[in-house]
Amino acid sequence: IGLALGCRIAESCRFARKNYFYPDLAKDFQTSQSDEPIAFDGALEIEMKDGSFFTVPIERAHMEEDAGKNTHVGGTDGRIEGARHSLVDYNRAGVPLVEIVTRPIEGAGERAPEVAAYVQALRDIFRALGVSEARMERGNVRADVNVSLRESPDAPLGTRTETKNVNTFRGIEAVVRYEIQRQAAILAAGGTVQQETRHGQADGTTRA
């Protein structure tokens, strides 16, 4: 994967414990290469809907273990909001995965939602390499979507939000579009965007 993404490959790398508590990670730590990744400094050129190309800079690709899967019962489409209770499936806990982290994707402007094509390109690469079935409906590929706004290309990056585990291509595009509109409305009204983790909804919106 690292070579296919044009990354440099580390001469040495190390797994470490990333400590945090969440119900789907009952041992309280995740084994991860996030601090010393095996692959770093890459880029992937993607084709946009109009046939033009856009380059996505890749910070790193590292290996780590997966957590379990939370299922929320009684909410909308299995989401935590409105759920009566939650179940945890540990069957995939400890299974190896690769996490690919991009650098801030700048210059896309109003076409930022189209950059969801980046995840489709990754899926195609994974399948061509034979490293994964890369089926989003099975959770083989998931995306954490980070969005922030700034006043101009020369201004510092704005406060970002992260929407976790978006598992459809349309969902990724919808989350980017919604967060741009939501954050723009807050800033236009003189408010401040809060850095937070948000949850994607079935209608393409996000909620804290």
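- Of the candidates Val56, Thr55, Leu122, Val119, Ile46 forms a side chain to side chain contact (heavy atoms under 4.5 Å, CB included) with just one, namely Val56.
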Take Gln183 and Arg160 through the side chain to side chain contact (heavy atoms under 4.5 Å, CB included) test and state the conclusion after the steps. CA-CA 9 Å; Gln183 293 182 27; Arg160 66 178 174 85; over 6 Å; no
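- Put simply, the residue from Thr163, Ile180, Ile105 that forms a side chain to side chain contact (heavy atoms under 4.5 Å, CB included) with Val147 is Ile180.
- At a threshold of 4.5 Å between non-hydrogen side-chain atoms, the residues Glu59 and Phe40 do not count as touching.
- For the 3.5 Å distance criterion, the side chains of Ser152 and Asp154 fail to qualify, holding no donor opposite an acceptor.
- Cluster membership check: Leu97 does not share its hydrophobic cluster with Val131, using side-chain heavy-atom separations under 4.5 Å among Ile, Leu, Val, Met, Phe, Trp and Tyr.
- Looking at every heavy atom in both residues, Ala134 comes nearest to Val141 through CA-CG2, 3.7 Å.
- Of all non-hydrogen atoms in Ala184 and Leu149, the two that sit nearest each other are N-CD1, 3.4 Å.
- In this structure, Tyr118 and Ile100 have side chains that are in contact, with non-hydrogen atoms separated by less than 4.5 Å.
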Assess whether side chain to side chain contact (heavy atoms under 4.5 Å, CB included) is satisfied between Ile38 and Cys13, documenting all intermediate values. CA-CA 6 Å; Ile38 189 171; Cys13 52; 4.0 Å; yes
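- With 3.5 Å as the limit, one finds no donor-acceptor pair spanning the side chains of Glu196 and Thr161.
- A cation-pi arrangement, defined by a distance under 6.0 Å to the six-membered ring centre and an angle within 45 degrees of its axis, is absent between Lys18 and Tyr20.
- Heavy-atom minimum distance, Gly158 versus Ser148: O-CB, 3.3 Å.
- A heavy-atom distance below 4.5 Å is not found between the side chains of Thr102 and Arg60.
- There is no side-chain donor-acceptor pair under 3.5 Å between Ser34 and His62.
- In this structure, the side chain of Arg142 does not engage the main chain of Val166 through any donor-acceptor pair within 3.5 Å.
- Taking the side chain as every heavy atom from C-beta outward, Ser52 and Arg111 approach each other to under 4.5 Å.
- Put simply, Tyr90 and Leu25 are part of two different groups of oily side chains (I, L, V, M, F, W, Y) that touch within less than 4.5 Å, one to the next.
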Quick one: do Val101 and Ile58 satisfy side chain to side chain contact (heavy atoms under 4.5 Å, CB included)? Show the steps, please.
CA-CA 6 Å; Val101 181; Ile58 294 172; over 6 Å; no
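- Between Arg14 and Glu36, at least one side-chain nitrogen of the basic residue sits less than 4.0 Å from a carboxylate oxygen of the acidic one, meeting the salt-bridge criterion.
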Between Leu87 and Asn70, does the side chain to side chain contact (heavy atoms under 4.5 Å, CB included) criterion hold? Intermediate values first, please.
CA-CA 6 Å; Leu87 304 173; Asn70 292 315; over 6 Å; no
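- The shortest non-hydrogen separation linking Ala61 to Pro37 is O-CB, 3.9 Å.
- With sequence neighbours excluded, no residue forms a salt bridge (Lys or Arg N to Asp or Glu O under 4.0 Å) with Arg17.
- In this structure, Arg150 places its CZ atom where more than 12 heavy-atom neighbours from other residues, nucleotides or ligands lie under 6.0 Å away.
- Side-chain atoms of Gln201 and Tyr178, non-hydrogen and from C-beta on, never get closer than 4.5 Å to each other.
- For the 3.5 Å distance criterion, the side chains of Gln195 and Thr159 fail to qualify, holding no donor opposite an acceptor.
- Thr206 and Arg198 form a side-chain donor-acceptor contact under 3.5 Å, judged by distance and modelled atom types alone.
- The closest donor-acceptor contact from the side chain of Glu64 to the backbone of Gln33 lies at 3.5 Å or more, if one exists at all.
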